[in-house]
Amino acid sequence: MRSPVPVRAVLSAGLILLLLIGIFFAGCAEPGSPAGRLHEAANSGDLRVYFLDVGQGDSSLVLFRDKVILIDSGEVDMGGRVVSDLQKLGVDHIDLLVATHPHSDHIGGMQDVLAAFPVGKVLDSGMPHTSPLYEHFLETVDAKGVRYLVAEQGQTIDLDPSLSILVLSPPKERLGTDLNTNSIVLKISYGTISFLFTGDAGDTAEQALLKTGYSPEAQVLKVAHHGSSDATSGAFLARVRPEVAVISVGQDNPYGHPHRETLDALQALVPAIYRTDQDGTVLIRSNGASYSVTTENGQGNIWASPFSPSPATSLPTTTPSLSPSSSPSATATITAFPTVPSNITFPTLPALPANITFPVPSVSFPAVQIGNASQVKIDAVQFNAPGDDQENLKGEWVRILNSGNGPVLIAGWTLSDATGADPYTFPAYLLMPGTPVTVSTGSGVMNDTALFMGRTEPVFNNSGDTAILRDGTGAIIDRQSGGGSS
Amino acid sequence: MKCTLDRLEEGVAVLIPLDTPRHRITVPLALLPAGCGEGDILNVAFAKDPAATAAAKEHVAGVIERMKKK
């Protein structure tokens, strides 16, 4: 055992609230209950945002009532897939087609898209580029007589009175000639829910944006430049304060995206991270007050609800930052995820279920930094207690270590033997980095390094067993086998 | 063949041939002339080298023959 350290896992009133979150997440994972079924109410919202899996590239689809927005179209060989995905959803037109910048992994599929759907308006960065793909795209837009708009900071696009579409970047005076830097950054808001689409805008664009009065704050962030380290700075993340980050990236891409530095920054600051190379297409639905996340590779069927234009309902119109805000970093009051303060990170995948909905209670929490659940491991086990197991239940234990950088709330997590029967459920406990906690089978007084199951019989088989640690959703965090002390 | 240098990604240049834009050629930036940047149009030529081809085949054939005799 490691030497004791001062008590740090304080069970405060805040942690009790955090425990409620744990219970909430635990509730999301009822065995045999389809994740999607739990949140049908939230899923009935009339905003749907699909981060399409187009390999190494970007394409995001926004469906709002009878309006369709497509932001980028992936590589040239992904145009067919984008068209197919839209058709699968019943899309028959595009109101706004956005080309964030002229690189082929963003505009390559435009020819296929323009051939398949009538388009109302095109919003372009207007940055000259010699790519034949971009040239053909412009020629087709011109030939079809589609209205062509060049993006400029502060510009708004009116498609529906309840939907705010605001250009945050590039500014009128472009940021040099770099195409990524001058990507169109769009903030789309419905009610209290905002999405930030960043194209490939890098640090330079982020810094420039932060100097303006425009607020980039959004619950959902499409991570810029496929997770490259030249974007998504900590300062930018701190201002966006996203609750969900989506990285559009291809498997085994030759550029090493997403970069480790970016993932580390996201994991430190963002509660939930999704990647199209692992999760497939990611769907986020919102009713303007809350939202749910469903992934193609998860349990929900993201293609199940065809797009069917419906009359506008009476949901509140958002109050977007159409003009520079006097307090760009002002704290959000009620958000879709208010149970999570900006400085708390929830376990990232695979700890999160494929389909979750965040409720909207208005509460505040103490400043507690939560680390990455994937860094929690079973450090050691002792299934065979010294002496008689029955007499020495404290001698049977499992030690758990958080090897990450931030504390991890393990409320609602469980520990079981190989059979999974009668698991021990963790109380509101904050597992501090580098400080292992020993979970003993017997009874005792919990402290910062010891927890007790309070059992009267041994749990683990001396001759060989496996300790299984699961998070509140039932996902296995770690397991370790042993037949005695290890 | 003329290609556009579409973009630079982490030291890799992505080239798009003007005549066959559905194709992409990725080349380490270090192999391109100094000073190349996005949007530059490059003349790209591939030339067959019959002498080098024959020499390489002869060399490999020799290796095979040696190995057969072992």
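Chain letters run A, B, ... following the sequence lines, proteins first and then strands; every chain starts at 1.
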Are any non-hydrogen side-chain atoms of B/Thr26 and A/Tyr255 less than 4.5 angstrom apart? yes

Would you mind checking if A/Asp200 and B/Arg7 are paired as a salt bridge, meaning a charged N to carboxylate O distance below 4.0 Å? no

Which atom pair, heavy atoms only, marks the closest approach of B/Asp6 to A/Ser131? OD1-CB, 3.6 Å

Would you indicate whether A/Asp264, at its atom CG, is surrounded by more than 12 heavy atoms from other residues, nucleotides or ligands within a distance under 6.0 Å? yes

With a 4.5 angstrom heavy-atom cut-off, is it the side chain or the backbone of A/Gln111 that approaches chain B, or both, or neither? neither

Is the number of heavy atoms from other residues, nucleotides or ligands under 6.0 Å of B/Asp49 CG greater than 12? yes

Is A/Pro128 in contact with chain B via its backbone, its side chain, both, or neither, using a 4.5 Å heavy-atom distance? neither

What residue in A/Asn180, A/Asp230, A/Leu133 has the most heavy-atom pairs under 4.5 Å with chain B? A/Leu133

CD of B/Glu10 to NE2 of A/His226: how many Å apart, nearest 0.5 Å? 10.0 Å

Side chain, backbone, both or neither: which part of B/Ile41 has a heavy atom under 4.5 Å from chain A? side chain

Which heavy atom of B/Pro21 sits nearest a heavy atom of A/Pro132, and at what distance? CB-CG, 3.7 Å

A/His103, part contacting chain B, at a heavy-atom distance under 4.5 Å: both

Just how far is it from atom CD of B/Glu9 to atom CG of A/Asn253, taken to the nearest 0.5 Å? 8.5 Å

Donor-acceptor check, side chain of B/Arg22 to backbone of A/Val76, threshold 3.5 angstrom: yes or no? yes

Taking atom types as modelled, find out whether A/His129 and B/Glu38 have a side-chain donor-acceptor pair closer than 3.5 angstrom. no

Could you tell me whether the side chain of B/Thr4 and the main chain of A/Thr130 form a donor-acceptor pair under 3.5 Å? yes

